[in-house]
Structures are given as structure tokens and as C-alpha cells.
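Source: prediction; values computed, not measured.
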Amino acid sequence: MEKQKTTINDFLKKKQEGRKITMLTAYDYPFAQIMDEAGIDAILVGDSLAMVVQGLENTLPVTMDEMVYHTKMVSRAAKSAMVIGDMPYLSYQVSIEDAVRNAGRFIKEAGAQAVKIEGGRETAEKIEAMTKAEIPVMAHIGLTPQAVHRMGGYKIQGKTEEAAKRLMEDAKILQDAGAFSLLLEAIPAKLAEQITKKLSIPTIGIGAGVHCDGQVLVLHDVIGLFERFTPKFVKRYADLKKDALKAVKQYREEVEKGVFPGKEHSF
Ligand code: KIV
């Protein structure tokens, strides 16, 4: 039997039943197809696109149009995985109207089922407005890469008692604003566990320990296609760069030596 499309109700049900939610990023059709086939619950079209696909320094320059373009490719492949569009920098910070309109583009134009937005209590009004417009929102606190300049780099968050208290408060505010789940990035495992226990919505961790309701990683980190830096929380499951390099070198050598194309590849 074909697997049904994952919904926000499935997310909630998995938390209630103590079953882990699986999520990875993808930015194009072939990788989204692999994830769908592998049974991943949700695909995040992350603004990490800027760094791992576009080769940019950080996530700040990626645009709404670029995010919509990549989300469309992913949506075409995702038959069962939920597709979540990541709202890029300045697509929601300026006004509630911007937030709803841009979030709506992910749903209306790109075929996503939900969006993700970075930030704590300052995003609550926007989450409320998006939710009222029938757009499911995943909130994202802890290390929020769009705040890289304010944070002074990609640093673990919530280490002091005061910072942990603020994150705990933010989590509750975002749940009350209507977020259907909460992404926790680079915070101590103990704090992530406390937040997870306190909330009725599921938490998805990246660098937030094993007690979150689900986990997410950036695909290119997982399969060895991003080399610039590897955070401590990443586990590499494959080395596709090595395999692709080997294949391309072999192709070059065979063309240069006249070995390829062989008779079997010729008409
Ligand atoms: O853009 C992204 O890939 C993310 C991950 C850190 C989850 O937000």
C-alpha cells in the first residue's frame, strides 16, 4: 500500500506515541525522491541552500524566488514526505503582511505543506497570522543562522541559566502562537529535553541531543558533499564527493585514452 502524505497531525501523533520524527534537508528532485523512497517524514527545503548548493558564505543572501524555485522541485518528488519551505532572511522580519504573503508563496506556488521561520518571541505575532491564514508553521530557536552577525558566529546557544530560561519561555510562547512544531538548533541536550517535555508540540533537534521528538540534518553534511566545515553534531553516513570525484576522473581518463565510448555505447 502506498504511504499517505505525512501531515502535521502525524507529527503530533508520533510525539504522543513516543515515535521519532525523521527529517532531512533537500533542494532538488533527485535527492527529494531518494528521501521519499527512504521513508523520511519531512523534507526541509532549508535556506542552507545558500551555503551547500549556491556556494555562498552564509544563508543571508538567498531570495524568496530562489527558495520557491527549489521547493517546487522537491514538492514534485515528495509523494509521502511533508515538504517544509524555509523562509529566507528578510522574507518575514519586516512586517506581518510580508510574512503571510511570502509564507503563502511556499504553499500556493511551490507545493509545500508548511513553512519554517527562525526566531523567538519576536516572531510570535507573525506565526499567529500565518497560522490564521491556514499555513502550518515550524518555529526555530537556539542557533538561528540568519542571526549569525548578532550571535558573532555559529555558536551553541542557551548555555547560561538566563539564556536557557529565555529559550524555555520562547518555546512556550511559540507553541501558544500556533506553531505545529519547534526546531531546536545547537543547544545543550539537557535543555532540549526539558523543552521537549514541557511542550505538547513536537521538537525537532539539530545538535540538541537525543531527547527531542525528532531529528534533522543538512543532507550535504550527511552524504559528504559539503566540506567547508563540519559541525560536531553532524554524522556523515556516506562520502559522495569521493565517489563522484573517482567517477569523473575515470571518465576523463577514458575519454582522453579513447576507451570511452566503447562499441556498446556506439551506433
Ligand atoms: O536551513 C537549514 O537547513 C536549517 C537546518 C539547520 C535545519 O534550518
Fill in: Transitive ILVMFWY side-chain link Leu245 to Val222, under 4.5 Å
no

Item to complete: Give a yes or no on whether the backbone of Phe106 and the side-chain of Glu109 come within a donor-acceptor separation of less than 3.5 Å.
Response: no

Item to complete: Determine, for Asp10 against Lys14, whether the closest basic-nitrogen to carboxylate-oxygen distance falls under 4.0 angstrom.
Response: no

Worksheet item: Do any N or O atoms from the side chain of Gln93 and from the backbone of Leu90 form a donor-acceptor pair under 3.5 angstrom?
Response: yes

Item to complete: Would you name the heavy atoms of Gly39 and Thr22 that are closest together and state the gap between them?
Response: O-OG1, 4.1 Å

Item to complete: Mark yes or no for whether Asn102, through its side chain, and Ser91, through its backbone, hold a donor-acceptor pair below 3.5 Å.
Response: yes

Discussion item. Nearest 0.5 Å, please: how far is CG in Leu184 from OG1 in Thr203?
Written reply: 5.0 Å

Worksheet item: Could you walk me through whether Asn9 and Lys13 pass the side-chain contact (heavy atoms from CB on, under 4.5 Å) check?
Response: CA-CA 6 Å; Asn9 299 332; Lys13 196 157 174 265; over 6 Å; no

Worksheet item: What are the two closest non-hydrogen atoms of Ile156 and Pro188, and how far apart are they?
Response: CD1-N, 4.2 Å

Worksheet item: Minimum heavy-atom separation for Phe180 to Met82, with atom names?
Response: CZ-SD, 4.1 Å

Discussion item. In the structure I gave you, are the side-chain heavy atoms of Pro231 and Tyr154 within less than 4.5 Å of one another anywhere?
Written reply: no

Fill in: Backbone N/O of Ser80 and side chain of Thr6: donor-acceptor pair under 3.5 Å
yes

Worksheet item: Going by an N to O cut-off under 4.0 Å, is there a salt bridge joining Lys126 and Asp98?
Response: no

Discussion item. Working note: Tyr27 + Thr71, criterion side chain to side chain donor-acceptor pair (under 3.5 Å); need CA distance, chi angles, decisive distance, verdict.
Written reply: CA-CA 7 Å; Tyr27 318 92; Thr71 306; over 6 Å; no

Fill in: Verify same cluster id: Ile195, Leu12 (apolar side-chain graph, 4.5 Å)
no

Worksheet item: Considering all heavy atoms of both residues, which atom of His265 and which atom of Pro261 are nearest to each other, and what is their separation?
Response: CB-CB, 3.8 Å

Worksheet item: Are any of the side-chain nitrogens in Arg252 or Glu256 under 4.0 Å away from the carboxylate oxygens of its partner?
Response: yes

Item to complete: Check whether the ring centres of Phe226 and Phe229 lie less than 6.0 Å apart, and answer yes or no.
Response: yes

Fill in: His140 vs Ile117 side-chain heavy atoms within contact, under 4.5 Å
no

Worksheet item: Hey, is the main chain of Ile187 close enough, under 3.5 Å, to the side chain of Gln157 for a donor-acceptor pair?
Response: no

Discussion item. If the threshold is 4.0 Å, N to carboxylate O, is there a salt bridge linking Glu169 and Lys165?
Written reply: yes

Item to complete: Kindly compute the distance separating NZ (Lys246) from NZ (Lys242), expressed to the nearest 0.5 Å.
Response: 8.0 Å

Worksheet item: Can you tell me if Gln146 uses its side chain to pair, donor with acceptor, with the backbone of Met87 under 3.5 Å?
Response: yes

Discussion item. Once rounded to the nearest 0.5 Å, what's the spacing between atom NZ of Lys116 and atom CG of Leu44?
Written reply: 5.5 Å

Fill in: Ser75 to Ala110 - nearest heavy-atom pair and separation
OG-O, 2.7 Å

Discussion item. Salt bridge or not between Glu193 and Lys197? Use side-chain N to carboxylate O under 4.0 Å.
Written reply: yes

Worksheet item: Do the non-hydrogen side-chain atoms of Ile135 and Val115 ever get within less than 4.5 Å of each other?
Response: yes

Item to complete: Please report the shortest heavy-atom distance between Met67 and Asp86, naming the atom on each side.
Response: CE-O, 3.3 Å

Worksheet entry | Arg19/Asp213 under salt bridge (Lys or Arg N to Asp or Glu O under 4.0 Å): CA gap, chis, key distance, verdict | CA-CA 7 Å; Arg19 291 185 294 135; Asp213 298 305; over 6 Å; no

Fill in: Ile204/Met138 under side-chain contact (heavy atoms from CB on, under 4.5 Å): CA gap, chis, key distance, verdict
CA-CA 9 Å; Ile204 309 292; Met138 176 179 282; 4.0 Å; yes

Item to complete: Working to the nearest 0.5 Å, report the span between CE of Met23 and OG1 of Thr25.
Response: 9.0 Å

Response to the item:
Separation between CD (Gln113) and NZ (Lys5), nearest 0.5 Å, reads 4.0 Å

Fill in: Worked verdict on Leu219 versus Met35 for side-chain contact (heavy atoms from CB on, under 4.5 Å)
CA-CA 10 Å; Leu219 173 71; Met35 272 173 216; 3.5 Å; yes

Discussion item. For the CG atom of Asn58 and the CG atom of Leu60, what is their distance to the nearest 0.5 Å?
Written reply: 4.0 Å

Worksheet item: With the threshold set at 4.0 Å, does a side-chain nitrogen-carboxylate oxygen contact exist between Asp36 and Lys79?
Response: no

Discussion item. For a 4.5 angstrom cut-off between non-hydrogen side-chain atoms, does Gln215 reach Lys20?
Written reply: no

Worksheet item: Between Glu37 and Gln33, does any side-chain donor sit less than 3.5 Å from a side-chain acceptor?
Response: no

Worksheet entry | Ile127 vs Leu174 side-chain heavy atoms within contact, under 4.5 Å | yes

Practice prompt. Look at the side chain of Gln194 and the backbone N and O of Ala192, then say whether any donor-acceptor pair between them is shorter than 3.5 Å.
Written response: no

Worksheet item: Do side-chain atoms of Thr144 reach the backbone of Ile141 as a donor and acceptor pair under 3.5 angstrom?
Response: no

Item to complete: Answer yes if Met64 and Val94 sit in the same cluster of Ile, Leu, Val, Met, Phe, Trp and Tyr residues linked by side chain heavy atoms under 4.5 Å apart, and no otherwise.
Response: yes

Worksheet item: Side chains of Ile223 and Tyr237: does their closest heavy-atom pair fall under 4.5 Å?
Response: no

Worksheet item: Hey, is the main chain of Leu183 close enough, under 3.5 Å, to the side chain of Glu185 for a donor-acceptor pair?
Response: no

